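Order of the sequence lines fixes the chain letters, A, B, ..., with proteins taken first and strands second; residue numbering starts at 1 for each chain. Just so you know, these numbers use all the heavy atoms, side chains as well, and skip hydrogens, waters and symmetry mates. Because the structure is a prediction, the values reported are computed rather than measured.
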Amino acid sequence: MDKYEQAFNDIIERDSKIEPRDWMPEKYRANLKRQISQHAHSEIIGMQPEGNWLLRAPSLRSKQVLLAKIQDEAGHGLYLYSVAETLGVSRQEMNEQLHSGQAKYSSIFNYPTITWADMGAVGWLVDGAAIVNQVSLQRTSYGPYARGMVRICKEESFHQRQGFEIMVQMANGTPEQKEMAQDALNRFWEPSLMMFGPHDSDSAHTSQSMKWKIKRETNDNLRQKFIDKTIPQIEFLGLELPDSRIKWNEDTGHYDHPPYNWDEFWNVVNGNGPCNTERLDHHKKAHHDNAWVREAAYQYAQKTDISAVAQ
Amino acid sequence: MIELLKYKNITMEKGDKVWEVFLQKKAGLSFKHVGSVHAYDKKMAIQNARDLYTRRSEGREIWVVETEHIVSVPLGQADAYFDPSDDKPYRHASFYEIPEGVENI
Amino acid sequence: MGILIKNKEAQFLIRLTDTEIILGQRLAEMCSNGPFLEEDIAMSNLSLDLFGRGEELLKIISTIEGGEFSADDYAYRRNEREYYNIKLVEQPNEDFAWVMAKQYLHDVYMERIYTQLLESNNAEVSGLAEKVLKEIQYSLTHSKDWILRLGIGTNESNSRLQVAMNHLWKYVQELFLFDDLDNEFLVDTESITKDWNSEIESTFKEANLKVPENVHYDIRDYRKGFHSEHLGLILATMQFLPRAYPDAKW
């Protein structure tokens, strides 16, 4: 075995980090590029369903908090694009993959945010699910990705609190507010669980990802963690469980959950969710409508010699 | 650090450049590499770096350098550059015996 | 809900507050619509600074007015004729040139205003001005850079920026029709006009832009709560939830 391959295997075995300069199997590199760029795309597309309520936030505080959260998401996308670039792919290429449909993003963002209570549900459930996943990724084997995740996790904690604060306020508010909160929970519950991906047995990438310590825990494990954390929070809010069949299992020490609607999951992943087209159209439009701005920035740099332009 | 070779084969939008960002949190501390930003020129690069990496008061000084200008050691030469100097122990203070009772050395 | 502002100092400050809040709201529209992500972050930073500033000013105003209304009351329950922002910031984000044109014109003006507020007799106001100036200077650097980039960049960017300036220019006039209230709380309004004119002249020259002709427009003054048609729509969006659910706490 080649000494570089040996070095790679040793690093993985020892739970140390692979850095951009190191040798890595082509499949490891490809797997990471896919996962990291899709993670980045998710953050960016996620700005849209939340941006939808930004202009209508009902208080100065909630508006500023929501704006700061969305801004953080743009920032997280940027950290992740930056990490992906260390593996040899450019922002432009990743953009093209997103636009062509070749690259995916978290399917939760293909659902619409139709009431203000959705801002609560999204922050609490969607960011909550993301946190469970991201905490686990802090131990991923690729150095820049792990460092990016540590940074993201530090910033992410307020996101979930922001959402939960809205849920608390509405669950304890007027009957109309409480109804809105319950409705948001009902609509976002299962799509949030789907954020952890398919069942381990149906996941094409999981076993190789686990072997290379890209992924540290399986989809089903993470999903169960999230459910166990969140059910008590629903009870604290005084809201009804989104499915009355969810029950605490004394023997396993976990909550049992009725079967998921995997047909919906695959259908949405394949492009037939409520907002798939809208999310991509919006992203493409912003990019293309502003091409003249980027061209101007390029020409300005050339003309004024502020910095020499790369050849 | 990023190997220069990688960028030669990558399609970037015209004029768009990547810059590495270094942050000094407080006076007296070293600069630390925190990641990269895209920008078209130096003014934009510094502003983008500030907006992305110092939202939570993480810095007092920022350096940005075009990624292209970073020089690093290619993988093939890593051994030659970084072999541990275990065979040169005289570079470490622990190699030397100082008699008891001698101070300030 | 008729929210009257009785105290003169509050009446002066509300003009700044409303301007910052409406501009903040317009900038928030740019979320996920910028030319590239880093600029998205830059614009949301500006928006956050503006809302933060607006909220601080509303708290000061609330104190001056005896605490009868909260900052949210002022923001969410005053109607179109009770808002006192400059019309410039109500104008739409037709394209990125419009966004930066409005921002730049606003920043040059506000930098002078807040500099003069450092001399305010109200310690809270002068304290806020000191903090705000740092944000404004950063914003001004950023917006001026874009005026130059777009003015000098390409024929297309230059012409889009010129079109934006030509449209926005009729809202510049009222900025300098300083009244007694302005002259009571600002140190030297004449110098604001002079400084603004000289800054605009020099930047436009550098950016290959023509300063639009100073025509006399018959447009009612923002100081009396007169607006363009855009404000109604901005408020309808911004104030919708508290007005739709008046008994709810938000």
Side-chain angles (χ1 to χ4, degrees), chain A residues 40 43-48 50-64 66-68 70-75 77-78 81 91 95 115-116 166 169-170 172-174 176-177 180 279 282-283 285-287 289-304 306, chain C residues 21 24-45 47-48 51-52 54-55 58-59 70-72 74-76 95-97 100 145-146 148-158 160-161 234 237-245 247-250:
Chain A
E43 298 279 354
I44 301 309
I45 297 294
M47 292 168 71
Q48 291 182 41
E50 290 185 306
N52 183 35
W53 279 91
L54 183 55
L55 300 177
R56 289 173 289 176
S59 68
L60 290 170
R61 175 188 157 86
S62 66
K63 193 192 286 285
Q64 289 172 85
L66 183 58
L67 183 49
I70 297 173
Q71 184 186 58
D72 262 3
E73 269 141 33
L78 283 175
Y81 284 130
R91 179 95 65 90
N95 243 357
T115 71
W116 171 251
I166 293 174
Q169 183 185 54
M170 296 187 74
N172 293 307
T174 64
E176 277 170 316
Q177 283 180 304
M180 217 190 274
R279 300 298 180 228
H282 179 121
H283 195 269
K285 185 175 199 300
H287 185 77
D289 285 0
N290 282 308
W292 65 272
V293 180
R294 297 189 296 275
E295 178 69 29
Y298 165 59
Q299 294 295 347
Y300 174 77
Q302 294 259 52
K303 287 179 186 176
T304 57
I306 297 289
Chain C
I21 286 180
Q25 182 78 353
R26 276 296 192 208
L27 272 171
E29 289 174 12
M30 296 307 293
C31 181
S32 77
N33 289 313
F36 39 84
L37 282 171
E38 285 84 355
E39 196 55 35
D40 240 271
I41 292 188
M43 288 190 284
S44 50
N45 244 354
S47 180
L48 275 169
F51 277 112
E55 191 180 18
L58 283 178
K59 289 185 184 158
S70 70
D72 279 348
Y74 288 111
Y76 288 89
D95 67 19
F96 188 69
M100 283 302 134
D145 284 346
W146 272 110
L148 295 177
R149 241 174 239 126
L150 298 180
I152 295 173
T154 60
N155 289 336
E156 179 172 6
S157 64
N158 181 289
R160 282 178 185 256
L161 186 54
I234 294 173
T237 302
M238 193 173 98
Q239 298 180 338
F240 159 72
L241 273 170
R243 287 187 185 269
Y245 303 93
D247 301 327
K249 258 179 68 179
W250 294 104

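Looking at C/Gln239, there are no atoms closer than 4.5 Å to chain A (heavy atoms on both sides), in backbone or side chain. Residue C/Asn45 touches chain A through both its backbone and its side chain, counting heavy-atom pairs closer than 4.5 Å. For A/Ser62, no part lies near chain C; criterion is any non-hydrogen pair under 4.5 Å. Both the backbone and the side chain of A/Gln71 come within contact range of chain C, each with at least one heavy atom under 4.5 Å from a heavy atom of that chain. Contact annotation for A/Ile45: neither backbone nor side-chain heavy atoms come within less than 4.5 Å of a heavy atom of chain C. For C/Tyr245, the part sitting under 4.5 Å from any heavy atom of chain A is the side chain, from C-beta outward, and nothing else. Looking at A/Glu176, the atoms closer than 4.5 Å to chain C (heavy atoms on both sides) all sit in the side chain, from C-beta outward. Within the 4.5 angstrom heavy-atom criterion, atoms from both the backbone and the side chain of C/Phe96 approach chain A. For C/Asn33, the parts lying near chain A are the backbone and the side chain together; criterion is any non-hydrogen pair under 4.5 Å. With a threshold of 4.5 angstrom between heavy atoms, C/Ala75 approaches chain A through side-chain atoms but not through N, CA, C or O.
Atom CZ of A/Arg61 is surrounded by 12 or fewer heavy atoms from other residues, nucleotides or ligands within 6.0 Å.
With respect to C/Ser32, the side chain to side chain donor-acceptor pair (under 3.5 Å) criterion is satisfied by exactly one of A/His282, A/Glu73, A/Arg279, A/Glu50: A/His282.
How far CD1 of A/Ile70 is from OG of C/Ser44: 8.5 Å, rounded to the nearest 0.5 Å. With rounding to the nearest 0.5 angstrom, the CG atom of C/Leu37 is 5.0 Å from the CG atom of A/Leu78. A/Thr115 OG1 to C/Leu241 CG: the interatomic distance, rounded to the nearest 0.5 Å, is 9.0 Å. Taking CH2 of C/Trp146 as the start and OH of A/Tyr300 as the end, the distance is 10.5 Å to the nearest 0.5 Å.
Side-chain contact, C/Lys249 with A/Gln177: no donor N or O sits under 3.5 Å from an acceptor N or O.
Taking every heavy atom of both residues into account, A/Ala74 and C/Ile41 meet most closely at CB-CG1, 3.7 Å. Residues A/Met47 and C/Cys31 come closest through the heavy atom pair CE-SG, 4.2 Å. The shortest non-hydrogen separation linking A/Trp116 to C/Trp250 is CD1-CZ3, 3.5 Å. Nearest heavy-atom pair across A/Ala68 and C/Leu48 is CA-CD1, 3.9 Å. Scanning both residues, C/Thr154 and A/Ala296, for their nearest heavy atoms gives CG2-CA, 3.9 Å.
Within the 4.5 Å cutoff, side-chain heavy atoms of A/Trp292 are placed close to those of C/Leu150. Annotation: side chain of C/Leu58 is in contact with side chain of A/Leu60 (closest heavy-atom distance under 4.5 Å).
Of the listed residues (A/Ile166, A/Leu67, A/Leu55), the one with the most heavy-atom contacts under 4.5 Å to chain C is A/Leu55. Counting heavy-atom pairs closer than 4.5 Å to chain C, the top residue among A/Gly51, A/Pro58, A/Ala291, A/Gly77 is A/Pro58. Of all the listed residues (C/Ile234, C/Asp72, C/Asn155, C/Ile21), the one sharing the greatest number of non-hydrogen pairs under 4.5 Å with chain A is C/Asp72. The greatest number of non-hydrogen atom pairs below 4.5 Å with chain C, out of A/Arg294, A/Gln48, A/Lys63, is found for A/Lys63.
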### Task
Show your working on side chain to side chain contact (heavy atoms under 4.5 Å, CB included) between A/Glu295 and C/Glu156 and close with a plain yes or no.
CA-CA 9 Å; A/Glu295 178 69 29; C/Glu156 179 172 6; over 6 Å; no
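For the pair C/Glu38 and A/Arg91, the salt-bridge criterion is met [side-chain N within less than 4.0 Å of a carboxylate O].
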